[in-house]
Engineer: 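Please read through the structure below; I'll follow up with questions.
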Amino acid sequence: MNTTIRIKLSVMMFLEFFIWGAWFVTLGTFLASNLHASGSETAAVFSTQSWGAIIAPFIIGLIADRYFNAEKIFGILHLIGAFLMYQMYVSDDVTVFYSYVLGYMILYMPTLALVNSVAFNQMKDPEKEFANIRVWGTIGWILAGLSISFLFHWDSAEGVSNGLLKNTFLLAGIAAFILGIFSFLLPKTPPKVSDEKIKIGDIIGLDALKLLKDKNFAVFFISSILICIPLAFYYQNAHPFLTEAGVENPTGKMAIGQISEALFLLLIPVFFSRFGFKKTILLGMLAWAIRYVLFAYGNGSDLSFMLIIGIALHGICYDFFFVSGQIYTNSKAGEKYKSAAQGLITLATYGVGMLIGFAVAGWITDNYKMLDGTIDWKMVWIIPAGIALGVFFLFALLFNDKSKTENEITAV
């Protein structure tokens, strides 16, 4: 890969995740402060991510992979997305806002697969080259958060009260427009030529359901869905909680989670080789429970360090469960079902699991709202901590797979 292509792919990754980080992190606070959304309304908005994840394979499998260059449909989706972002920016009603964000997420989620397709198509040795390109996506997400807190101050107490968080959609829309135009300068990634008949089962990974006959994989599969419930609490409630707790520059501080994610990703091979899959994934589950206990008993003043530690645990929470789970799935599926198995796990977690999680998080938040409009955050965090701990014990007691996945570690 020459330097020009490497730079183009890095810019592509940077903008792809800058866009997401520019609005999604602060979404919960925006909905509460600008649109006065209830917990259930907030849950519905966040669940658009899950609907996008469920629909995305059909857009990729039925359209992008067969009829259009990946970089062109990637660009078109982002240009339409830029228009929808502007509509979100000017919306002042949660119902209208919901329709725009749903349309946006249905278009954005497929780009997560397309951005990888464009990158992989230019690589001779993806295992060595991809990480160096993908890291720019993490940098993009981090810089979006830092910009909101330390450059624009939209998430300050004064900024939130003045409704400035709506500017995050304008920022994301501008970045989406730039990426949409830039996409037509990316290396050509032609569609796959195939005369094979398209099967819906192939697109959503139904063939991999055969893996559920293995008791251990079935336990992992169910645990993956259940652990998405506490994950949804973090995405939906963390920023509003930190803002209400009086934490300064909450968006910038939440970027610590992405830095942690990048660092702990490098440690997964070490944990796999020393402790094996089961102990690694159990550590990830336990980290969710610890994180939420820290949130429940910390505050924005003298115990603010507890909140920062909770944010920093994101690397262990996410990488040690989800990335480790992808490696385990890859090792169990075999060559024939690898793609189907990954598709099934993605559908189960980001689709079904997160849908359930956002609904539960919204319901809990509404039920622990006080008469004066404030939220009993202690209970809002204790409940997902208990759920995570329950999944921890479920997995610890029922999962007994002794097979080794060391051969898969090199793929991380």
Side-chain angles (χ1 to χ4, degrees), residues 1-25 49 52-53 56 59-60 64-65 68-82 85 104-105 107-148 168 171-189 251 254-266 268 314-315 318-319 322-323 326 342 346 350 411-412:
M1 187 192 305
N2 62 48
T3 303
T4 301
I5 291 177
R6 182 177 289 105
I7 292 173
K8 284 183 177 180
L9 295 181
S10 298
V11 171
M12 173 188 71
M13 282 290 182
F14 177 90
L15 290 172
E16 172 76 4
F17 289 93
F18 179 93
I19 293 166
W20 202 359
W23 70 279
F24 196 72
V25 175
Q49 174 188 276
I59 295 178
I60 300 300
D65 277 351
F68 300 98
N69 277 26
E71 82 283 357
K72 290 182 179 178
I73 193 168
F74 181 73
I76 291 169
L77 291 176
H78 274 298
L79 289 174
I80 299 173
M85 271 291 164
Y104 180 80
M105 291 308 277
L107 297 180
Y108 180 81
M109 295 307 285
T111 68
L112 297 175
L114 290 169
V115 75
N116 289 339
S117 295
V118 173
F120 283 130
N121 196 58
Q122 299 301 314
M123 297 178 184
K124 294 180 181 178
D125 190 352
E127 290 185 10
K128 292 182 179 179
E129 297 176 285
F130 183 69
N132 293 330
I133 300 297
R134 177 58 182 82
V135 71
W136 285 99
T138 302
I139 292 171
W141 184 295
I142 292 169
L143 286 185
L146 295 178
S147 298
I148 290 169
T168 59
L171 177 64
I174 292 170
F177 180 78
I178 293 172
L179 180 54
I181 298 298
F182 180 75
S183 297
F184 293 94
L185 303 177
L186 292 170
K188 295 186 184 302
T189 308
T251 315
M254 284 187 71
I256 294 171
Q258 273 59 52
I259 297 171
S260 167
E261 185 181 325
L263 293 175
F264 278 104
L265 188 62
L266 302 175
I268 286 180
H314 185 70
Y318 186 86
D319 290 339
F322 287 96
V323 177
Q326 290 166 1
Q342 294 293 347
T346 300
Y350 286 98
V412 179

Engineer: Who passes side-chain hydrogen bond (donor to acceptor under 3.5 Å, both in side chains) against Thr138, sequence neighbours left out?
Structural biologist: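 With sequence neighbours excluded, Thr138 shows a side-chain hydrogen bond (donor to acceptor under 3.5 Å, both in side chains) to Arg134, given in chain and number order.
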
Engineer: Can you name the ring pair (Phe, Tyr, Trp, His ring centres under 6.0 Å) partners of Tyr350, sequence neighbours left out?
Structural biologist: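 Tyr350 satisfies ring pair (Phe, Tyr, Trp, His ring centres under 6.0 Å) with no residue once adjacent residues are dropped.
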
Engineer: Could you list the residues that satisfy side-chain contact (heavy atoms from CB on, under 4.5 Å) with Thr189, not counting sequence neighbours?
Structural biologist: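 Counting only residues at least two positions away or on another chain, Thr189 forms a side-chain contact (heavy atoms from CB on, under 4.5 Å) with Ala70, Glu71, Val118, Asn121.
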
Engineer: Got a sec, which residues hit side-chain hydrogen bond (donor to acceptor under 3.5 Å, both in side chains) with Thr251, two or more places apart in sequence or on another chain?
Structural biologist: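 Applying side-chain hydrogen bond (donor to acceptor under 3.5 Å, both in side chains) to Thr251 gives Asp155, His239.
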
Engineer: Considering residues at least two apart in sequence or located in another chain, which fulfil the side-chain contact (heavy atoms from CB on, under 4.5 Å) criterion with Ile7?
Structural biologist: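 With neighbours one apart ignored, the set is Thr3, Val11.
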
Engineer: Got Ile133 and Lys8 here, is their nearest side-chain heavy-atom distance under 4.5 Å?
Structural biologist: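 Not touching, per the 4.5 Å side-chain cut-off.
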
Engineer: Roughly how far, to the nearest 0.5 Å, is CD1 of Ile142 from CD1 of Ile259?
Structural biologist: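 Between Ile259 CD1 and Ile142 CD1, I get 4.5 Å after rounding to 0.5 Å.
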
Engineer: Can you sort out the partners of Leu112 under side-chain contact (heavy atoms from CB on, under 4.5 Å), two or more places apart, ordered by chain and number?
Structural biologist: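 Leu112 satisfies side-chain contact (heavy atoms from CB on, under 4.5 Å) with Glu16, Phe17, Trp20, Tyr108, Met109 once adjacent residues are dropped.
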
Engineer: Under 4.5 Å between any side-chain heavy atoms of Ile73 and Thr111, yes or no?
Structural biologist: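 When only atoms from C-beta onward are counted, Thr111 and Ile73 do not touch, as no gap falls below 4.5 Å.
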
Engineer: Evaluate the side-chain proximity of Leu171 to Trp23: yes if any heavy-atom separation is below 4.5 Å, no if none is.
Structural biologist: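 When only atoms from C-beta onward are counted, Leu171 and Trp23 do not touch, as no gap falls below 4.5 Å.
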
Engineer: Tell me the closest heavy-atom pair linking Pro110 and Leu77, and the distance in Å.
Structural biologist: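 That closest heavy-atom pairing would be CB-CD1, 4.3 Å.
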
Engineer: Drop me the distance from Phe18's CZ to Ser147's OG, to the nearest 0.5 angstrom.
Structural biologist: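 The OG atom of Ser147 is 5.0 Å from CZ of Phe18, to the nearest 0.5 Å.
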
Engineer: Which heavy-atom pair separates Pro187 from Ile5 by the least distance, and what is that distance?
Structural biologist: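 Minimum heavy-atom separation between Pro187 and Ile5: CG-CG2, 4.0 Å.
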
Engineer: Please name all residues satisfying side-chain contact (heavy atoms from CB on, under 4.5 Å) with Glu261, sequence neighbours left out, ordered by chain then number.
Structural biologist: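 Glu261 satisfies side-chain contact (heavy atoms from CB on, under 4.5 Å) with Gln258, His314, Tyr318, Asp319 only.
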
Engineer: Are Trp136 and Leu9 packed together at the side-chain level, in the sense that at least one heavy-atom pair is separated by less than 4.5 angstrom?
Structural biologist: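 The answer is no, as the side chains (C-beta and beyond) never meet within the 4.5 Å cut-off.
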
Engineer: Sequence neighbours excluded and cut-off under 3.5 Å, please list the side-chain donor-acceptor pairs for residues 172-180, or say none.
Structural biologist:
none

Engineer: Is Ile19 close to His78 at the side-chain level, that is, under 4.5 Å between some pair of heavy atoms?
Structural biologist: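 Yes; the side chains approach each other to less than 4.5 Å.
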
Engineer: Could you state the interatomic distance from CG (Leu146) to CD1 (Ile139), rounded to the nearest 0.5 Å?
Structural biologist: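 It comes to 11.5 Å.
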
Engineer: Who passes ring pair (Phe, Tyr, Trp, His ring centres under 6.0 Å) against Phe120, sequence neighbours left out?
Structural biologist: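 Result, ring pair (Phe, Tyr, Trp, His ring centres under 6.0 Å) vs Phe120: Phe130.
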
